[in-house]
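What follows is a set of notes on a single structure, which appears directly below.
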Amino acid sequence: MIVSWNWLKEYVALEMPQSELVHRLTMSGLNHERTEAYGKDFAVDLEVTSNRPDCLGHIGVAREVAALFNSTLNVPTAEIKDQGPPIENHFQVLIECPKLCLRFTARIIRDVQVGPSPLWLVDRLATLGVASINNIVDISNYVMFECGQPLHIFDLDKLQGDQIIVREPIPNEELVAIDHKTYGLEAGMCVIADANRAVGLGGVMGGADTEVSNKTMNLLIEAAHFNPLTIRNTARKLNLHSAASYRFERTIDSHNIDWASRRCCELVLQVAGGKLDQGWIDTGISSLDRAAISLRFDQIERILGITIPEE
């Protein structure tokens, strides 16, 4: 996980020397690989083990820094103002494979202007080694690298039937992905489809037929939660790996989906204009209670080697 030093500073105060920060992150389990200067920024390369998917975004790393240095974590509120028609009046989402897709959410923004990204957005992604494509695609990448939740944005006008159906493939079904290669789909894979065809491979890659282009005006923004094992098996079978599949394979925080969706809409409206439809579609398991964590105080000193006051 490459972290931008300047980007990280938006969420937590970095008043310590860089050497001290990377040392303490290494000691906490985020091993520091290297740091390279990039313009007026620094790209800090951290090894994130598979049991720490919470640190596959800048906010997750900032949360770790805040804990290590007893400082405050500042997360954007992701405020949005919807002005368009109610989304449920003209669009629907159906999940036909709930074991493969646990949750699927959608929001619609109309009348956007697709074009080059502002310099701040280009620079943020460039520090991570990610090339700018256009303002819409860049924002979806920005939010993923910000919070760890992958997103996908469809050209709404290219979707057929005013609906998304999340299902398994039909026999002999194929998908031309956004890498413009054709993939044969098999049972057990999670397909994102419109009324007539596959338009994406859930959690792995979108389809070329509905990708955002310079002619796009209306957007459907997807934020979802897919079964990690399904994503891992699909990516390996097709040899099709992406930054999104990397995160879904390690599980994402379903509680973060709404924030990521709102944050994406907030930035699209800020950078590309448009009007957001009222409400959102939230299908599947939308409420997961956080499990209580049991802690035996007599085990702390044995495992950590230090004594922590009970209070």
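The closest side-chain heavy-atom distance from V114 to S213 is not below 4.5 Å. Counting only heavy atoms from C-beta outward, the side chains of F248 and V204 never approach each other to under 4.5 Å. Residues H23 and T26 fail the side-chain proximity criterion, which asks for heavy atoms closer than 4.5 Å. By the 4.5 Å heavy-atom criterion applied to side chains, R232 and Y246 are not counted as neighbours. For the pair L240/M205, a side-chain contact is recorded, criterion being any heavy-atom separation below 4.5 Å from C-beta on. Side-chain contact between L121 and I139 is present, with at least one heavy-atom pair separated by less than 4.5 Å. L156 has its side chain within reach of F91: a pair of non-hydrogen atoms, C-beta onward, lies under 4.5 Å apart. Side-chain contact between D111 and N218 is present, with heavy atoms from C-beta onward closer than 4.5 Å.
A centroid separation of 6.0 Å or more is found between the aromatic rings of W5 and Y38. A distance below 6.0 Å separates the ring centres of Y142 and W120.
When all heavy atoms are compared, the tightest approach of H225 to S254 is ND1-CB, 3.5 Å. Across all their heavy atoms, L100 and G188 have their closest contact at CD1-O, 3.8 Å. For R103 against I285, the heavy-atom pair with the smallest separation is CD-O, 3.3 Å. When all heavy atoms of L185 and A198 are compared, the pair lying nearest together is CD1-CB, 4.3 Å. Shown here for A106 and I87, the closest heavy-atom pair between the two residues is O-CD1, 3.7 Å. Between Q163 and L94, the shortest heavy-atom distance links the atoms OE1-CD1, 3.9 Å.
For the pairing with I252, the side-chain contact (heavy atoms from CB on, under 4.5 Å) check across P150, P228, P53 returns one residue only, P150. Checked against I192 for a side-chain contact (heavy atoms from CB on, under 4.5 Å), the options V199, V93, T210 give a single hit: V199.
Environment of NE2 in H90: crowded, with over 12 heavy atoms of neighbouring residues, nucleotides or ligands closer than 6.0 Å. Heavy-atom neighbours of K158 NZ from other residues, nucleotides or ligands within 6.0 Å: above the threshold of 12. The local environment of CG in N51 is crowded, with over 12 non-hydrogen atoms from other residues, nucleotides or ligands closer than 6.0 Å. Environment of CD in Q113: sparse, with no more than 12 heavy atoms of neighbouring residues, nucleotides or ligands closer than 6.0 Å. Taking a 6.0 Å sphere around CG of N89, one finds it holds more than 12 heavy atoms contributed by other residues, nucleotides or ligands.
Here the CD1 atom belonging to I108 is positioned 12.0 Å from the CG atom belonging to D82, to the nearest 0.5 angstrom. To the nearest 0.5 angstrom, T77 atom OG1 is 9.0 Å from W259 atom CH2. Expressed to the nearest 0.5 Å, how far CG of N74 lies from NZ of K9 amounts to 14.0 Å. Expressed to the nearest 0.5 Å, how far CZ of F297 lies from CD of E310 amounts to 4.5 Å. To the nearest 0.5 angstrom, R107 atom CZ is 5.0 Å from D258 atom CG.
Using a 4.0 Å cut-off between charged nitrogen and carboxylate oxygen, R34 and E36 count as a salt-bridge pair. A salt bridge links R124 to E10: one of the charged nitrogens lies within less than 4.0 Å of a carboxylate oxygen. A salt bridge links E173 with R167: the closest approach of a Lys/Arg side-chain nitrogen to an acidic carboxylate oxygen falls below 4.0 angstrom.
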Distance-only donor-acceptor hits, side chain of residues 62-71, under 3.5 Å, sequence neighbours excluded:
{"from": "E64", "atom 1": "OE1", "to": "R52", "atom 2": "NH2", "distance (Å)": "2.9"}

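Ring orientation note: the planes of F226 and F104 are nearly perpendicular, at an angle over 60° on the 30°/60° scale.
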Original post:
Going through the distances and angles, do S140 and V268 end up as a side-chain contact (heavy atoms from CB on, under 4.5 Å)?
Top reply: CA-CA 9 Å; S140 68; V268 167; over 6 Å; no
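For the residue pair N196/Q160, the side-chain donor-acceptor check at 3.5 Å is satisfied.
Under the 4.5 Å side-chain heavy-atom criterion for ILVMFWY residues, no single connected hydrophobic cluster contains both I165 and L102. Tracing side-chain contacts under 4.5 Å through hydrophobic residues (I, L, V, M, F, W, Y), one never reaches V130 starting from M1; they form parts of separate clusters. At a threshold of 4.5 Å between side-chain heavy atoms, the hydrophobic network of Ile, Leu, Val, Met, Phe, Trp and Tyr places L220 and W280 in two separate groups. In this structure, I178 is not a member of the same hydrophobic cluster as V143, with clusters built from ILVMFWY side-chain heavy atoms closer than 4.5 Å.
With sequence neighbours excluded, no residue satisfies salt bridge (Lys or Arg N to Asp or Glu O under 4.0 Å) with E222.
With N135 contributing its side chain and G115 its backbone, the two residues share a donor-acceptor pair below 3.5 Å.
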